[in-house]
Amino acid sequence: DAYLYYKLYKKLKQDDLEYNVGLSFKSDLGENNIINLKSEIKKWLTEKINVFGLYKHEYYNKQEDFQFKVGLGVKLWN
């Protein structure tokens, strides 16, 4: 069975802001196709603590699902 997978990911940083965006496409070259879009922004409050917003959208054939998250992150390792 043939299978196609493509992923594009970009990470940008400026001062205490970090922006990540990703796009992926998976297909069996038939009826099953999955497209994922993910976007995240982080504001670093200290070297190890950040607040973030996350948006994730997934298309699976003709169905779709999305999520929004806002939270507090802690970096455990360097």
Side-chain angles (χ1 to χ4, degrees):
D1 291 340
Y3 186 80
L4 175 69
Y5 177 72
Y6 181 76
K7 182 176 182 179
L8 179 64
Y9 180 80
K10 186 69 177 172
K11 182 176 188 175
L12 303 168
K13 287 180 108 176
Q14 183 178 9
D15 300 323
D16 57 356
L17 287 176
E18 184 177 319
Y19 184 68
N20 303 306
V21 65
L23 175 67
S24 69
F25 176 75
K26 302 171 193 169
S27 176
D28 65 358
L29 303 177
E31 294 183 15
N32 297 310
N33 301 298
I34 301 171
I35 300 171
N36 285 304
L37 174 63
K38 182 178 177 182
S39 178
E40 177 182 38
I41 189 163
K42 294 180 184 177
K43 166 79 170 158
W44 289 94
L45 304 175
T46 70
E47 187 177 316
K48 296 192 178 232
I49 298 174
N50 68 66
V51 290
F52 67 89
L54 173 75
Y55 171 73
K56 185 177 177 183
H57 205 126
E58 179 175 285
Y59 299 91
Y60 179 74
N61 296 334
K62 295 183 180 179
Q63 299 178 0
E64 62 181 295
D65 183 39
F66 61 92
Q67 297 177 3
F68 294 99
K69 294 181 182 178
V70 176
L72 181 67
V74 178
K75 185 176 180 181
L76 300 176
W77 296 277
N78 285 334

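Because only heavy atoms are used, hydrogens play no part in the values below, and waters and symmetry mates are left out as well, while side chains stay in. This is a predicted model, so every value here is computed, not measured.
- Contact detail for Gly30 and Ser27: the closest heavy-atom pair is N-OG, 4.2 Å.
- The ring pair (Phe, Tyr, Trp, His ring centres under 6.0 Å) analysis of residues 9-28, with sequence neighbours excluded, yields no pairs.
- Within the structure, no pair that satisfies the salt bridge (charged side-chain N to carboxylate O under 4.0 Å, His left out) test touches residues 55-67, not counting sequence neighbours.
- Grouped with Leu76 in one hydrophobic cluster are Val74, Trp77, the linkage being side-chain heavy-atom contacts under 4.5 Å among Ile, Leu, Val, Met, Phe, Trp and Tyr residues.
- For Tyr6, the side-chain contact (heavy atoms from CB on, under 4.5 Å) criterion is met by Leu8, not counting sequence neighbours.
- Applying the ring pair (Phe, Tyr, Trp, His ring centres under 6.0 Å) criterion to Phe66, with sequence neighbours excluded, gives His57, Phe68.
- Within the 3.5 Å criterion, the main-chain N or O of Asn33 finds a donor-acceptor partner in the side chain of Asn61.
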Sequence neighbours left out, cut at 3.5 Å: what donor-acceptor pairs do the side chains of residues 41-51 make with other protein atoms?
{"from": "Lys43", "atom 1": "NZ", "to": "Asp16", "atom 2": "OD1", "distance (Å)": "3.3"}
{"from": "Lys43", "atom 1": "NZ", "to": "Asp16", "atom 2": "OD2", "distance (Å)": "2.4"}
{"from": "Trp44", "atom 1": "NE1", "to": "Glu18", "atom 2": "OE1", "distance (Å)": "3.1"}
{"from": "Thr46", "atom 1": "OG1", "to": "Lys48", "atom 2": "N", "distance (Å)": "3.2"}
{"from": "Thr46", "atom 1": "OG1", "to": "Ile49", "atom 2": "N", "distance (Å)": "3.1"}

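- The NZ atom of Lys13 sits 11.0 Å away from atom CG of Asp15, with the distance rounded to the nearest 0.5 Å.
- Put simply, CG on Asn20 and NZ on Lys10 are 11.0 Å apart, with the number rounded to the nearest 0.5 Å.
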